[in-house]
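Throughout, a chain's letter reflects where its sequence line sits, starting with A, and its residues are numbered from 1. Side chains included, hydrogens not; waters and symmetry mates left out as well; all remaining heavy atoms used.
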Protein chains: 2
Amino acid sequence: MNAHSQVDEQQSTEEKIKQAAARVFVRKGFAATKTRDIAEEAGINIASLHYYYRSKDKLFELVIGEALRRFSKRMDEIFNSESPLQDKIKSFAHSYIDFFKENPLVPLFIMSESQSNPERVEKMLADQKTVNKLEEQLRQLGDAGIIRKMHHSHFMMNLVGLTVFPFISRPLMLTKLNMTDQEYDEVLEERKKMIPEMIIKHLFLRTPD
Amino acid sequence: MNAHSQVDEQQSTEEKIKQAAARVFVRKGFAATKTRDIAEEAGINIASLHYYYRSKDKLFELVIGEALRRFSKRMDEIFNSESPLQDKIKSFAHSYIDFFKENPLVPLFIMSESQSNPERVEKMLADQKTVNKLEEQLRQLGDAGIIRKMHHSHFMMNLVGLTVFPFISRPLMLTKLNMTDQEYDEVLEERKKMIPEMIIKHLFLRTPD
DNA sequence: AAATCATTTAATCAAACGATTAAATTTAAT
DNA sequence: ATTAAATTTAATCGTTTGATTAAATGATTT
């Protein structure tokens, strides 16, 4: 029988641990995170952590796996849909800026841990379909003379970079540009419009609807 | 008298340690770096490390300080010059893409460690002049109806983001877009042209020279 | 060449860490 | 109520880690 028969008047211990681990890992990265940090954040003992997840590594694999797949899945859903390209662009900017406003540390977490263990990224995204419907769409519109021809990687770097970078560079930018947190948040909101405008203006040879 | 009277038929131990530390710190981040890693990379003993730099923390402060200032200083030189805005944009893209091709791990290193210790960034860039000549330039061109009016943070996020993001996201992009390292490097080279085109097209209301 | 200073070595310390265990306690099943 | 299973607790193990030390070696100066 399952570990928990009592329904969630509160979260199960197993779930509490996982979510606490996610918070701490995302905040501090794998190396700087101590199992004792996680236990404290979850309000449980270290032994319980090992009881459910065997080791720090196993727990981390789980956490980063979910983060990676969430990040990647949403991307694929948008790009592999049947929508017009302009809609995909707008949809991406809106969706990800909203998501990262709630989870501002996730992008840097993913990038950092991808860097320090690239093979893991490869394994974890192995099943995920790539963005080949997007690639096809770019080719078609390019052949039709509607958009500028370019490698689809440029398109992705532009769109994802413009969207994600402000979250990754926040501390640096705040200092360098001498801004308050509130000002920064307002700027982030403005980017929902600005990013699509910029990309569409550059990409489309004649202005779309 | 100085520690070394023998001239550099080879590097001084002190310098060897600092450069080894820079490499390891940038590669693995502060928390994942062990003093023993640094000693091994430098080909010296741990005690020598403490002899010259007292502690891991002090050594790290030095390394990240130099990285931050190099990153920031070059930026200020470009933006606070008297050049036309279009030239600044092109100059930035070229200069930084070249630099990061040689030091591909530096951007993520700076972003990560800035995130995990924002106060340090603040202290270390305290003396550095901000990019206020750029701000002024943007305001003037905006008032003159030459460029679109926007907060200078947008401009910086756009330019820096487009330039830096491909280096930060390299492992993820390679997997997601199913590219080879060589293809990726070619794309990076193309971006020296593409980034200024894109930004100028969006920014300038009538096309500049 | 004696004396002083710089540098390296090898050994070791205390603290922090991930992990494990046996036992206690709580919860569920019979 | 008794038994069995799930979960928590507190204690502890073996390593790793940053740091330090005393002594050995090397170089420079006087």
Nearest to side-chain heavy atoms of A:K56, which nucleotide of D:dA10, C:dG18, D:dT17:
C:dG18

For the side chain of A:A47, counting heavy atoms from C-beta on, which of D:dA10, C:dA10, C:dT8 is nearest?
D:dA10

Going by heavy atoms in the side chains, are A:F79 and A:F92 under 4.5 Å from each other?
yes

Nearest-angstrom distance from the residue atom CG of A:N45 to P of C:dT25
15 Å

Output the rounded distance in Å from CD1 (B:I46) to P (C:dA11).
12 Å

Per B:H50 side chain, nearest of listed nucleotides D:dT9, D:dT20, C:dT8
D:dT20

Just checking A:E119: does its CD atom have more than 12 heavy atoms from other residues, nucleotides or ligands closer to it than 6.0 angstrom?
yes

Counting only side-chain heavy atoms from C-beta out, which of D:dT12, C:dT7, C:dT9 sits nearest to A:R36?
D:dT12

Of the candidates D:dT9, C:dT20, C:dA19, the side chain of A:R54 sits closest to C:dT20

Between B:T13 and C:dT8, does any side-chain N or O lie under 4.0 Å from OP1 or OP2?
yes

Presence of B:T35 side-chain N/O under 4.0 Å of D:dT17 phosphate oxygens OP1/OP2:
no

Does CD in B:E40 sit with more than 12 non-hydrogen atoms of other residues, nucleotides or ligands closer than 6.0 Å?
no

Atom-pair distance (CD1 on B:I44; P on C:dA6), nearest Å
18 Å

Run the numbers on A:R170 and A:D185 for salt bridge (Lys or Arg N to Asp or Glu O under 4.0 Å), then give the verdict.
CA-CA 10 Å; A:R170 179 167 188 138; A:D185 286 333; 3.1 Å; yes

Do the side-chain N or O atoms of B:Y52 get closer than 4.0 angstrom to the phosphate oxygens (OP1, OP2) of C:dA6?
no

Re C:dT30: Watson-Crick or G-U wobble partner, both distances kept under 3.5 Å, found to be D:dA1

